[in-house]
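In the text below, chain A, chain B and the rest are named by the order of the sequence lines, each starting its count at 1. None of the values given here were measured: they were computed from a predicted structure.
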Amino acid sequence: MSDSLVEARLGKIEALKARGIDPFPARVPASERIDGVLRRHGGLAAEEHSGARVGVAGRLMARRQMGKASFLDLRDGSAKIQIHAAADRLGDEAYRGICDTDVGDFLHIAGEVFRTKRGELTVAAESWTFLAKAIRPLPEKWHGLKDVELRYRHRSLDLLSSDETRERFVRRAKMMETLRSELTRLGFLEVETPSLHPIPGGTTARPFATHHNALDVDLYLRIALEIYLKRALIGGLDRVFEIGKCFRNEGVSTKHNPEFTMLELYQAYTDYEGMMRLAESLVGAVFQAAVGSLVVDYQGTRLDFSPPWHRVAMLDAIAETSGLDLGTLTAPEIVAAAKTKGIGVPNLSRTQLIEHLFDRFVEPTLIQPTIVTDYPVEISPLAKRRADAPHLTERFELFVMNMEIANAFSELNDPVDQRVRFEDQERLRAGGDEEAQRIDEDFLFAMEHGMPPTGGMGVGLDRLAMLLSNSASIRDVILFPALRRKDEA
RNA sequence: GGGUCGUUAGCUCAGCCGGUUAGAGCACCUGACUUUUAAUCAGGGGGUCGCUGGUUCGAGUCCAGCACGACCCA
């Protein structure tokens with residue numbers, strides 16, 4: 001087994017100790033990040049010596065040994081640099097010591113920066129220090145980890161051996177940084193709200209349930225950030241946002257992870273039209289920062305995020321794609337109309353039929369960024385009704401590549417209507433719909449003291465990160481995605 | 001939940017129609033080598049072929065079940 005490799009490495013640890021060298025020292029000689037060294041000495045010509053001494057610390061990634069001299073590749077979190085170790089410069093004992101290190105170990109190297117005749121910027125080691133020992137070999141240096149299961153289960157190794165994987169998470173970090181700086185610039189305040197909710201609210205989804213022993217109450221991991229953020233907004237924090245994990249006890253797929261990251265923001269004195277403009281500008285800023293362009297390739301499809309995005313009302317989109325003009329048709333009339341067009345549909349409520357037809361005909365067509373507006377009131381219990389069509393709401397969802405990326409409303413701020421909506425949801429729950437929302441009296445109590453007209457939006461950041469990093473699966477943009485437990489032994 | 005495919009050394013992969021002791025490259029060990037960069041050259045060690053059962057004179061290979069994963073579908 002691999003144990004022979006591990007045992008050999010453990011033997012090296014003992015050998016280091018026997019020579020009085022700590023294989024895991026706490027102190028590190030002065031060092032600077034490798035990218036800084038590369039930048040500062042980038043102007044050196046081939047075979048030119050800088051005369052400058054530097055200290056660098058990092059992981060040994062490769063070794064090319066030629067007897068009494070070796071080239072090593074040392075990498076830190078910023079970059080990689082070549083080290084030249086030679087017996088005549090280091091002395092025989094130090095050279096033998098550095099030859100005894102393994103790829104994967106951490107070393108500190110001090111020496112002069114020069115450029116080799118082949119043109120590679122290199123540190124000519126004058127002294128070195130052991131920083132930490134690795135007792136298992138790194139993945140294959142050229143192919144890295146190809147088995148996706150290993151990549152997800154052992155992400156540290158994937159990150160070490162794949163520049164593409166690193167780049168995905170760099171882009172994700174730029175996305176987060178840009179969202180925070182843009183929203184802050186616009187006067188939004190970042191807040192944190194509870195993850196443990198007595199009533200899982202803000203959307204329809206199955207929650208994870210847990211129990212607080214000391215308080216002896218059942219609690220749920222949040223499925224959305226919405227309700228508490230609106231309570232903060234009612235309190236006068238009238239431009240707020242939160243970036244946080246939400247949890248849904250549902251299936252796992254290339255587009256779903258049971259815990260995922262949401263951005264939710266609420267802005268008083270605007271509406272869903274304002275949210276459309278904000279979505280365009282925020283997403284644009286993110287693409288500009290992380291990719292440098294509003295036009296990107298995603299899995300072979302060219303996506304153009306330049307504003308304004310296509311906008312279409314839900315029922316219009318259904319009419320365009322299915323040929324079914326639902327108008328004010330009742331559910332049985334819709335089923336009949338579908339039949340005359342040769343479309344078989346299940347026997348559902350009017351709203352469920354709308355959702356069904358949308359999923360079946362419209363969603364597959366939504367490739368370029370598209371804002372779908374005017375959702376039925378029954379499935380939008382927290383959104384304001386359209387004044388001219390009270391069965392519809394001022395709500396939109398952003399779709400890209402058939403994926404729902406964002407969801408936004410003119411927020412319902414009428415506490416009387418909000419109570420009616422909750423009661424409608426409770427009726428659905430009583431009728432067996434486990435995901436229907438529940439009356440939240442604390443939320444209503446706050447709203448009853450007055451809530452300003454508000455636009456709010458939620459953005460699925462993992463999916464946005466997929467688009468930014470050309471990732472086919474949500475697992476590629478989550479460092480440690482949910483996987484089934486694999487029993488050892 | 002259903003279908004298809006996959007699982008062989010630490011990693012990347014071969015392994016044909018079921019037939020001797022399961023191979024290669026990287027990594028590792030030994031030796032040579034002072035400008036290499038997937039260094040090179042010579043030699044060596046390393047395997048519960050995912051797990052369990054079945055068919056067979058004989059199973060990495062065929063069959064069934066299970067586990068894990070990927071993709072597609074609901």
Please tell me which of A:Asp100 and A:His84 maps to the more 5' nucleotide of RNA chain B, matching each residue to the nucleotide holding its nearest heavy atom.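 So the residue in question is A:Asp100.
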Nearest-nucleotide comparison on RNA chain B, the residue closer to the 5′ end among A:Arg89 and A:Arg9: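 By nearest-heavy-atom nucleotide position, the 5'-most residue is A:Arg9.
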Quick one: does NZ or CZ of A:Arg438 land under 6.0 Å from the six-membered ring centre of A:Tyr220, within 45 degrees of the ring axis?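 Judged by the rule, A:Arg438 and A:Tyr220 form a cation-pi pair.
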B:C17: syn or anti, with syn meaning chi within 90° of zero?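 Syn, since the glycosidic angle lies within 90° of 0.
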Using a strict cut-off of less than 4.0 Å between a Lys/Arg side-chain nitrogen and an Asp/Glu carboxylate oxygen, indicate whether [X] and [Y] qualify as a salt bridge.
X        : Y        : value
A:Asp462 : A:Arg172 : yes
A:Glu423 : A:Arg427 : no
A:Arg151 : A:Asp147 : no

Output yes when at least one side-chain N/O atom of [X] is less than 4.0 Å from OP1 or OP2 of [N], else no.
X        : N     : value
A:Arg136 : B:G10 : no
A:Arg484 : B:A67 : no
A:Arg64  : B:U37 : no
A:Lys68  : B:U35 : no

Roughly how many Å apart are [M] and [N], using the [atom1] atom of each and rounding to a whole number?
N     : M     : atom1 : result
B:G15 : B:A27 : P     : 24 Å
B:G23 : B:G60 : C1'   : 12 Å
B:A9  : B:C5  : P     : 22 Å
B:U37 : B:C26 : P     : 14 Å
B:A22 : B:A38 : P     : 35 Å
B:G1  : B:C16 : C1'   : 38 Å
B:G6  : B:A14 : C1'   : 16 Å
B:G25 : B:A39 : C1'   : 15 Å

Quick one: [X] [atom1] to [N] [atom2], roughly how many Å, whole number?
X        : N     : atom1 : atom2 : result
A:Arg360 : B:A74 : CZ    : P     : 10 Å
A:Glu149 : B:G69 : CD    : P     : 6 Å
A:Arg151 : B:C68 : CZ    : P     : 20 Å
A:Phe71  : B:U34 : CZ    : C1'   : 8 Å
A:Arg63  : B:U35 : CZ    : P     : 17 Å
A:Gln299 : B:C71 : CD    : P     : 11 Å
A:Glu7   : B:G46 : CD    : P     : 13 Å
A:Arg118 : B:U36 : CZ    : P     : 4 Å

Tell which nucleotide pairs with [N], taking only Watson-Crick or G-U wobble pairs whose two distances are both under 3.5 angstrom.
N     : result
B:U36 : none
B:C26 : B:G10
B:U52 : B:A64
B:U4  : B:A70

Could you tell me whether [X] contacts a base, only the sugar-phosphate backbone, or nothing, with contacts defined as non-hydrogen atoms closer than 4.0 Å?
X        : value
A:Lys146 : sugar-phosphate
A:Ser70  : nothing
A:Leu138 : nothing
A:Leu150 : sugar-phosphate
A:Gln65  : base
A:Lys12  : sugar-phosphate
A:Asp147 : sugar-phosphate
A:Lys117 : base

State which of [options] makes the closest approach to the side chain of [X].
X        : options             : value
A:Pro139 : B:C11, B:A27, B:U35 : B:C11
A:Glu140 : B:C29, B:C68, B:G25 : B:G25
A:Pro137 : B:U12, B:U34, B:A27 : B:A27
A:Glu120 : B:A39, B:C28, B:U37 : B:U37
A:Ser473 : B:C71, B:C29, B:U34 : B:C71

Please round to the nearest 0.5 Å and tell me the distance separating atom CD of A:Glu149 and atom CZ of A:Arg484.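 Answer rounded to 0.5 Å: 11.0 Å.
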In Å and rounded to the nearest 0.5 Å, what is the CD to CZ distance from A:Glu32 to A:Arg40?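 Going from CD on A:Glu32 over to CZ on A:Arg40, the span is 4.0 Å.
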So if I apply the salt bridge (Lys or Arg N to Asp or Glu O under 4.0 Å) rule between A:Asp102 and each of A:Arg59, A:Arg136, A:Lys133, which one comes out positive?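 Answer to the salt bridge (Lys or Arg N to Asp or Glu O under 4.0 Å) test with A:Asp102 among A:Arg59, A:Arg136, A:Lys133: A:Lys133.
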For residues A:Ile478 and A:Arg155, report the shortest heavy-atom separation together with the two atoms involved.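 In terms of heavy atoms, the two residues are closest at O-NH2, 2.8 Å.
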Polar pair under 3.5 Å, donor/acceptor by atom type, side chain A:Gln82, base B:U36: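 Answer is yes: a donor-acceptor pair is held.
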I'd like to know whether A:Gln299 forms a side chain to side chain donor-acceptor pair (under 3.5 Å) with A:Asn470, so could you lay out the CA-CA distance, the side-chain angles of the two residues, the decisive distance to 0.1 Å, and finally the verdict. CA-CA 6 Å; A:Gln299 304 290 302; A:Asn470 193 14; 3.1 Å; yes
